[in-house]
Amino acid sequence: MQTYPKKRIEIIAEAPLLRRLTARLDEAGVGGWSVVPILAGHGHGGDWSAEGQIGTATQMVMLISIVDAARLDAVLDAVFGLVSGQIGFVTVADVAVVRPERF
Amino acid sequence: MQTYPKKRIEIIAEAPLLRRLTARLDEAGVGGWSVVPILAGHGHGGDWSAEGQIGTATQMVMLISIVDAARLDAVLDAVFGLVSGQIGFVTVADVAVVRPERF
Amino acid sequence: MQTYPKKRIEIIAEAPLLRRLTARLDEAGVGGWSVVPILAGHGHGGDWSAEGQIGTATQMVMLISIVDAARLDAVLDAVFGLVSGQIGFVTVADVAVVRPERF
Amino acid sequence: MLELALQNLLSPMVLFFVLGVAAALARSDLSVPEQVAKLLALYLLMAIGFRGGVEVAHQGIDATMITTIAAGIGLSFAMPFLAYLILRATTRLDPVNAAAVAAHYGSISAVTFVAVTGMLGQLGIAWDGYMVAVAAAMETPAIVAALLIARGRSDGDAPGESRSTLLREVALNGSIVILLGAFAIGVATGDRGATMLKPFLVDAFAGVLCLFLLDMGLVAGRGLAQGRRHLSAPVAAFAIVMPLIGGTLAGALAFAIGLSVGSTAVLITLAASASYIAVPAAMRLALPQANPAIALTLSLGVTFPFNLLVGIPLYIALAGRIAS
Amino acid sequence: MLELALQNLLSPMVLFFVLGVAAALARSDLSVPEQVAKLLALYLLMAIGFRGGVEVAHQGIDATMITTIAAGIGLSFAMPFLAYLILRATTRLDPVNAAAVAAHYGSISAVTFVAVTGMLGQLGIAWDGYMVAVAAAMETPAIVAALLIARGRSDGDAPGESRSTLLREVALNGSIVILLGAFAIGVATGDRGATMLKPFLVDAFAGVLCLFLLDMGLVAGRGLAQGRRHLSAPVAAFAIVMPLIGGTLAGALAFAIGLSVGSTAVLITLAASASYIAVPAAMRLALPQANPAIALTLSLGVTFPFNLLVGIPLYIALAGRIAS
Amino acid sequence: MLELALQNLLSPMVLFFVLGVAAALARSDLSVPEQVAKLLALYLLMAIGFRGGVEVAHQGIDATMITTIAAGIGLSFAMPFLAYLILRATTRLDPVNAAAVAAHYGSISAVTFVAVTGMLGQLGIAWDGYMVAVAAAMETPAIVAALLIARGRSDGDAPGESRSTLLREVALNGSIVILLGAFAIGVATGDRGATMLKPFLVDAFAGVLCLFLLDMGLVAGRGLAQGRRHLSAPVAAFAIVMPLIGGTLAGALAFAIGLSVGSTAVLITLAASASYIAVPAAMRLALPQANPAIALTLSLGVTFPFNLLVGIPLYIALAGRIAS
Ligand SMILES: Nc1ncnc2c1ncn2[C@@H]1O[C@H](COP(=O)(O)O)[C@@H](O)[C@H]1O
Ligand SMILES: Nc1ncnc2c1ncn2[C@@H]1O[C@H](COP(=O)(O)O)[C@@H](O)[C@H]1O
Ligand SMILES: Nc1ncnc2c1ncn2[C@@H]1O[C@H](COP(=O)(O)O)[C@@H](O)[C@H]1O
Ligand code: NA
Ligand code: NA
Ligand code: NA
């Protein structure tokens, strides 16, 4: 099956930041995004876990967005300005898709 | 450590479709798959969120399957026929594994 | 935006193993990891689902860790010794990051 | 009637729903976790099914029950045709979307069922336990009707989708199974079971219903904010007119059968309600080309609030006239 | 006895379990969300532990309690050896799998414990609060026994796995901690605490147990559909014979100690039950080569339904004979 | 006083909290699932808000309520300045971290509010329903104060972060909305609503609170094990001294206003409590450079246990002196 290259952006960010992050993505013109939960983690700041938490301040979430390479820089710029001052990071990977016009 | 190339298929699809999708994967002979939850998302159809939902009609899930490149086309064919008429999409990425015979 | 190559390790492992796995990652000197839930899956051992389960013995979880390529082998060694005798597997993918010093 | 409406509006249940809608529209981050919402729904259906069964264990099964079930099936099967004609005549929905919406309005909303029984309980009006079976029986026929309507009008079911598999899945969907299962257990265990489960299933019911309606309000409010753009005025009007039409038909049937006030109110409410658990999922499989946001926004965002705030007291008042 | 069996079969608890199994086998999508299932288990263990503690606060601690705990530990340690011998003699399970299964049957099932107390409560038969401590004490010894059996027969523990770490983890697993913790709190707060917590922990117990057993039915039904292929006839037979053997041993000990009817029934049930929370997880760490599906399908898919439907009334009847 | 302290320490609520802490420190895998914890918090806030509202429906609104709300707002706004000065004088926290911690201590902890009402209920001491509104009013002003303190001292808010958006979000955070919403519904429905919801919202309260405090203990224990390294001795001391200072101020105000014993105890406790739902999230947005582990470890790991074990009985005893 014919496939086409796209970029898969994965952002791991603090939960309180989520609304602002997705607003940035929307502004940067991405076609869509999905939020994946994270249960627990470890980093420079130590361990955390979602277990038993009633607030979201200590939690991280994962945002995934498939975008066209042409839009990658704009998206990274939009997101990076927000994430850089906060806890979290962004990774980008190459993926292939079947319906390129979707993204 | 010696690693071997495989393909990582990631399908984001409507939750009501899940059973049918995994049946297709099984028929196409994949060795296994895993379902990852999605909490919320945004696309051409607008925003959605799993919060407070009692049904699954509006929800998306993520299916991940590691397959051998030789089987990729068969799997994409099997899945694409189903996903193309529905909400959702498929991405493929290159990954390396340690135990190639597993997939 | 300037990006730098890193490795994204994804481990799908049995939930009872989680503490031991993360301890290995910490020992191997990874900068961090995140745990993503898996809802259900299928493999050589048949189907499983987290639905309605009160224990974790039958469940799988996903561990994600972004590491520097230089550290990859040490991490794989540390993890593989544990995972190889158990249910689960490890995949490695190439990703690009914006702040390389973080990993 | 006015007093009834006021009492309804000032019931904690309705107010918690309104609180949910208001919080969602104000973009508060108040939310009920997904699995908790599913627990609340499970509990309410279990409670209502079980209590209906215990009541039937008392009263026994009679011909009225069979007739009412038949009437419910007939209504559920007939309403989609009516709804489809209205939608095609008054709105710009294409055939497939109109058929999908019609299926939602022919079928019933388990949540609205729970709400009307809560309201009746508050007013001290009894209803017949077998209405649980009627509710369950009304869930599926509308889907069959919608598939008949859509046949040829859609470019086919999803490839490989078999109609019988789909109907089997709908008939076995979780909300029907727990409702009917708990009903059967209520019938089987009767008073013995009722005494045992009263503190959990009866005493706590109103409180759990409040929490659940808070959640429904949050989801409805969010859905409305999101889905508004899919609703033209005629489409939105349909979501209020159709319940009144369905309710009137049901009222006529209830009168013909000779149902009690409470059961008449329940039957009217069931007919006037629109599905948003079983049918939406079935439509995603059977008519994937239909835009799910339209039917869901209508059903949860317009019809459910309408029924909860205005419809149910109206239907109860109507039932009072019809049955006495 | 027959009457007891019938009353058991027609109890809402058992019927909700049967509903769950039926729904799973019919492939209904009815399900209890994972976190909800964990809440139900947490609640039930908390309730049963606390009530046991309050009861001990009344009755005080005596020698019988110590003896019974010792008997429970002995049983839990001895049963795996017996189970292992039976499995090796009658089935084709290899040593490691046989040891893993043996560990499950030596240990106890907290859920079966909850079920027998529910059934006793329904029958109005009292049991001694300290049986909570006995149950907790019986969870771990079987694992030690299984590790002794498997030593040398497995190709070693997971690399770096230390036995003491493992046992510490098992002894501190959540279900034991909440059971014993709530027990201690019950002892410490006695009637004062009991009055405060009665509506939540006592009155709602039967209802929550129904919901929980619905879930257990769903999981058992799914497990059975999935795991059937792992079970040969002799292996399946073991899952029914072993509870009877363990139960008989426990009955003899209870008689020797002179336990009350209720406590005898509980001790028999504990011995006859097979773990599926603590031991399965421990076996994944200690004996990873063992196929987890075998023990789990046996324990939840065969032994638990057997105990719930047939075993418990049998054990209660037996206890009636032994203790009077 | 001693008796009060002992009764507090031997209350099931406190003991379940201690059990949670102990289990976490022993690294047991006992845990309350995340969505369940959120359900428990939602329930408790709904219950406390509703009961407060019903009580106000009885008593009516008077000048004292307005004065007390004003006093609460004043306290919440003033305490961060005091806290900041103390932190800067006695610890090595930099200005931004000191401001963030100060915001937590100026605001209130809904969970501590729930705990003090549970303790008062146990002692049979009445408090005024409008304290619910006071609690809600005390949540936000501290954040405004902290932002004023941090202005210029931080390298700016997150880019594009507008202060008014942030305050709107804080004021509409879920815990405030459910607390005030349920309060308003209690006022609107009064006794009628209270009768309906009593079994769920009143009778089960103490039991749910126990489960919730078990969870808080687990989270606090884990947080303490994790976050200890962020706490120097002076910083940890602050987490005990500041509640006493805040509580004393509140006691003086309560005396000036002439509040009842119960309401005085509540106001003192609110002032002595430190936020860990609303403020932590707001600080991540407003002062992202602040290390969240410091404030959270202090608030949940030190101040909450201190208040639960020692503070609340002390504040109640103090209130008894002040108000009589
Ligand atoms: N290298 C990494 N790989 C995966 N997740 C990470 C990594 N580093 C940090 N995280 C996640 O981000 C959270 C915050 O990281 P940190 O700011 O380093 O404490 C961690 O608790 C993890 O959930
Ligand atoms: N580009 C994308 N990247 C990640 N997820 C997406 C993307 N597009 C769509 N989705 C997910 O798929 C759902 C449906 O997409 P759509 O059909 O475009 O409305 C969205 O709500 C997201 O959860
Ligand atoms: N090829 C695969 N791709 C994704 N997940 C897999 C794959 N194989 C196995 N899994 C996951 O790992 C679990 C155990 O696999 P197995 O040991 O093959 O039964 C499965 O139930 C899946 O959740
Ligand atoms: Na209808
Ligand atoms: Na046993
Ligand atoms: Na404070």
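For clarity, every value in this text was computed on a predicted model and none was experimentally measured. Keep in mind that the numbers below use all heavy atoms, side chains included, and drop hydrogens, waters and symmetry copies.
- Highest contact tally toward chain A, considering only F:N173, F:L218, F:D215, F:V36, is held by F:D215 [criterion: heavy-atom pairs under 4.5 Å].
- Contacts of A:L39 with chain F are absent, with no heavy-atom separation under 4.5 Å from either backbone or side chain.
- Within the structure, every pair that satisfies the side chain to side chain donor-acceptor pair (under 3.5 Å) test and touches residues 93-103 of chain A, not counting sequence neighbours, is listed here: A:K7-A:D94.
- Counting non-hydrogen atoms of other residues, nucleotides and ligands closer than 6.0 Å to CZ of A:R19 gives a total above 12.
- Of the two parts of F:M283, neither the backbone nor the side chain holds a non-hydrogen atom closer than 4.5 Å to a non-hydrogen atom of chain A.
- The most heavy-atom pairs under 4.5 Å with chain A, out of F:S31, F:A41, F:A293, F:P292, come from F:S31.
- Of the atoms belonging to F:V279, not a single heavy atom falls under 4.5 Å from chain A.
- Once rounded to the nearest 0.5 Å, the distance linking CZ of A:R20 with CG of F:L166 reads 6.5 Å.
- Residues of residues 48-58 of chain A having a heavy atom under 4.5 Å from any heavy atom of chain F, listed by number: A:S49, A:A50, A:E51, A:G52, A:Q53, A:I54, A:G55, A:A57, A:T58.
- Under the side-chain hydrogen bond (donor to acceptor under 3.5 Å, both in side chains) criterion, A:E14 pairs with A:Q86, F:R284, sequence neighbours left out.
- Contacts classified as side chain to side chain donor-acceptor pair (under 3.5 Å) and involving residues 67-82 of chain A (residues at least two apart or in different chains) are given here: A:K6-A:D68.
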